[in-house]
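Note sheet for the following structure.
It should be emphasised that the depicted structure is a prediction, and the values quoted were computed from it without experimental measurement. The analysis underlying the following values was restricted to heavy atoms, covering all of them including side chains, and did not include hydrogens, waters or symmetry mates. Chain letters run A, B, ... following the sequence lines, proteins first, then strands; residues in each count from 1.
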Number of protein chains: 2
Amino acid sequence: MSVTLRNIAKRAHVATSTVSRVLNADTSVRISEQTKRRVRAVAEELAYKPNLFARGMRVGQLPLIAILVMCRDDTMTTRKALRLNSALLSLGRQVVLIDIADPTTYHEFVDTLLRTRPEAVAIVHAIAGHEQTFQVCEKLMSAGVHVAVVDCWPPLPEHVPADAVTIDREYGAYLAATHVIELGHRHIGLVGHEASYGRREGYERALSKYGIEERYLELMRGPDDVEMTAEFAREAARRLLSKHPQITALLCNCDLSAVAALRGLHDIGLQVPCDVSLVGWDDDPWCQYLPTALTTLTQPCDELAAAGARLLGDRLNAAGGPWRREVLRPRLQVRESTAPPRCSSIAVSVSPR
Amino acid sequence: MSVTLRNIAKRAHVATSTVSRVLNADTSVRISEQTKRRVRAVAEELAYKPNLFARGMRVGQLPLIAILVMCRDDTMTTRKALRLNSALLSLGRQVVLIDIADPTTYHEFVDTLLRTRPEAVAIVHAIAGHEQTFQVCEKLMSAGVHVAVVDCWPPLPEHVPADAVTIDREYGAYLAATHVIELGHRHIGLVGHEASYGRREGYERALSKYGIEERYLELMRGPDDVEMTAEFAREAARRLLSKHPQITALLCNCDLSAVAALRGLHDIGLQVPCDVSLVGWDDDPWCQYLPTALTTLTQPCDELAAAGARLLGDRLNAAGGPWRREVLRPRLQVRESTAPPRCSSIAVSVSPR
DNA sequence: TTGAAAGCGTTACCAT
DNA sequence: ATGGTAACGCTTTCAA
């Protein structure tokens, strides 16, 4: 079997308790340098690895950080979770990803997770079902587990017992809208999912600021499924521009929706960006390779992950204080899908078509 | 604290050993129905959940299945892992994903994982560094952990102590090549990564079968990074068609590479599919929305996941026998990016440009 | 500064 | 058919 404390104790001619103290760098007692050295040498020699179960039984937790996430087929959510995974590794615990494959049994996933008593849990993209998110935070906290919510919209309320960092959807939409407004557009559509709340507000804010009255909204109801929203976007673009031919710019909730919208525009004979400018969201690797490279909003995934790791790291180092809230901003990435309205084809010669 | 066996024993007026026997449905001893009922009632009432550490210490394992995967930014690998995750849930264990964020410390990840003594491990996309994969399988097996390798190319050798299911790259490439050959193409290029071995063989097989002698290869060396390969594909397409203008079809190693190649073709004034037909690989959700929807190979991710779960499930049910090997085939998904060579623009009127 | 021993919640063995 | 108890490997209290 594997090496135990007793094995070490025997070979080093000390008691198991001494070995435990040395290897755990117990500061409450002073141990002679000589003993320390001997114990450490033997432990090294035998390649001792503490039995996690035995230790867990005593200490009541595992040196484990779990990332709770509902990936579905959403590549951005998945990417955020994976980046967080990498960032958390620096905290010196085992990191595991738990994908809530079935949202209806969210609580069961949490209960199962809780039985392994992780030190900390990070919840990624807690956007769907807020009430549930709060309950989960409560449950984890009261089980003595540190919790960080990484990306959540609307932002986590102050009273929820968890640290949080999120990306500002409202600002992103404001940025996108401002971009096309400054290009000269006045009739601007918003396509996406109803649950992307902040986007609508950001869009409103920008338009209001420039004294634009017209609003063109196509917001899908129902489950926030990436591929369904994309299909919706295709129809929506078609519908929107058939009904309101004066529209010259479209803001979409994600890049996939944006290409789908572009496809919808092609269906009715409209070109991007000549006839309609298009803005995506996410900066998916695909964007730059599209025949008309997509102007989009880059989500700062790495910074998000770093912030999440920092928040949890601080708690693990026994930092106290009130729950922290951080907000990150998306960045505008201008490419070829946006141009002044009704631009000549010369103006878009950057696009090699 | 939480409910223990002793709590139940006390309330049910039996010994803890009896409770343990009842709750574990121990068949080696007969227990009176009456006692069983009483014990179960109390356990139910107190919402008893076994302490995983205590049980783990005795039994030596956790009711846990781990998925070992190196996601990087590869959406298909990630998708396979996630689908497998869902499929494994039916086995009634906790399922966790472990992302090997740093390949150079692969073995450390495995060692850490091993300390939690999972019942089974599934390794997804074991394509990079075969020697390492074998070692990991060996290590896990000798620790008494069941192993299934889900998607591995070249296929896992017979002697490696693990069950395996994979997707046939050779056949996929054969399928893609045959498709364009039957459309009338005779000068066909292959673009991708050197490590996608089987693709080259499948391409060769199809061309040979039709008596085509010319080979046009652009295979990238170095790390098999999706985004780097895409960048390479753009250059490669440009290079290939500048040097060999007779080429009329290009097979790419993934969809992202295919759009990148398409971009490269546009750069030098070539149209898809009029001038060049293009085939991708993966059937990414993006494909159908591209201005020219991409013909591609669909990877049967769900079947892959189901097979993986079946393989592991059988082992967990103590099935013996030799290591199993299963192979699944990609399916051709024809869209708009392939057409007869040098087709008139009328023939591609399906593409609204 | 170090050692002995109790106890965490289970399971498994030996009694009865 | 059921009960008592040792043992898993560790941490921690108490004693020396």
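Using modelled atom types and a 3.5 Å distance limit, the side chains of His107(B) and Gln135(B) yield a donor-acceptor pair. A side-chain donor from one of Thr35(B) and Ser32(B) sits under 3.5 Å from a side-chain acceptor of the other. If you check the side chains of Arg55(A) and Asn24(A), you find a donor sitting under 3.5 Å from an acceptor.
The residue Ser32(B) sits close only to the backbone: its heavy atoms come under 4.0 Å of sugar-phosphate atoms, none of a base. Across all strands shown, Ser17(A) has heavy atoms under 4.0 Å from base atoms, whether or not it also approaches the sugar-phosphate. Arg6(B) comes within 4.0 angstrom of the backbone, heavy atoms only, and of no base. When heavy atoms are screened at a 4.0 angstrom cut-off, Ile31(A) is found touching the sugar-phosphate backbone but no base atom.
Residues Glu33(A) and Thr4(B) each lie close to DNA chain C; by heavy-atom proximity, the contact nearer the 5' end of the strand is made by Glu33(A).
As a whole-Å value, the separation of Arg117(A) CZ from dG9(C) C1' is 11 Å. Taking atom CG of Leu5(B) as the reference point, atom C1' of dT11(C) lies 9 Å away to the nearest angstrom. One interatomic measurement links the two molecules: OH of Tyr48(B) to P of dG9(C), which rounds to 10 Å at whole-angstrom precision. What separates CG of Asn51(A) from P of dA7(D) is a distance of 18 Å, to the nearest Å. Going from atom CG of Asp26(B) over to atom P of dA1(D) covers 12 Å, rounded to whole Å. As rounded to whole Å, 11 Å separates atom C1' of dG9(C) from atom CG of Leu52(B). Rounded to an integer number of Å, the gap from CZ of Phe53(A) to P of dT11(C) is 13 Å. Following rounding to the nearest Å, Arg55(A) (CZ) and dT12(D) (P) show an atom-to-atom distance of 10 Å.
Side-chain proximity of Val59(A) to the nucleotides dT10(C), dT11(D), dT2(C) is greatest for dT11(D). Checked against dT1(C), dT5(D), dG9(C), the side chain of Arg30(A) finds its nearest nucleotide in dT1(C). Residue Ser20(A) places its side chain closer to dT11(D) than to any other of dG3(C), dT11(D), dT2(C). Set against dT2(D), dG9(D), dT11(D), the side chain of Met57(B) has dG9(D) as its closest nucleotide.
Counting distance only, with no hydrogens placed and no angle test, the side-chain atoms of Arg58(B) and the base atoms of dG9(D) include no donor-acceptor pair under 3.5 Å.
Looking only at distances, a side-chain donor or acceptor of Arg325(B) sits under 3.5 Å from a matching main-chain atom of Pro157(B).
Salt bridge status for Asp163(A) with Arg310(A): absent, with no side-chain N to carboxylate O gap under 4.0 Å.
Between Thr18(B) and dT2(D) there is no side-chain N or O to OP1 or OP2 distance below 4.0 Å.
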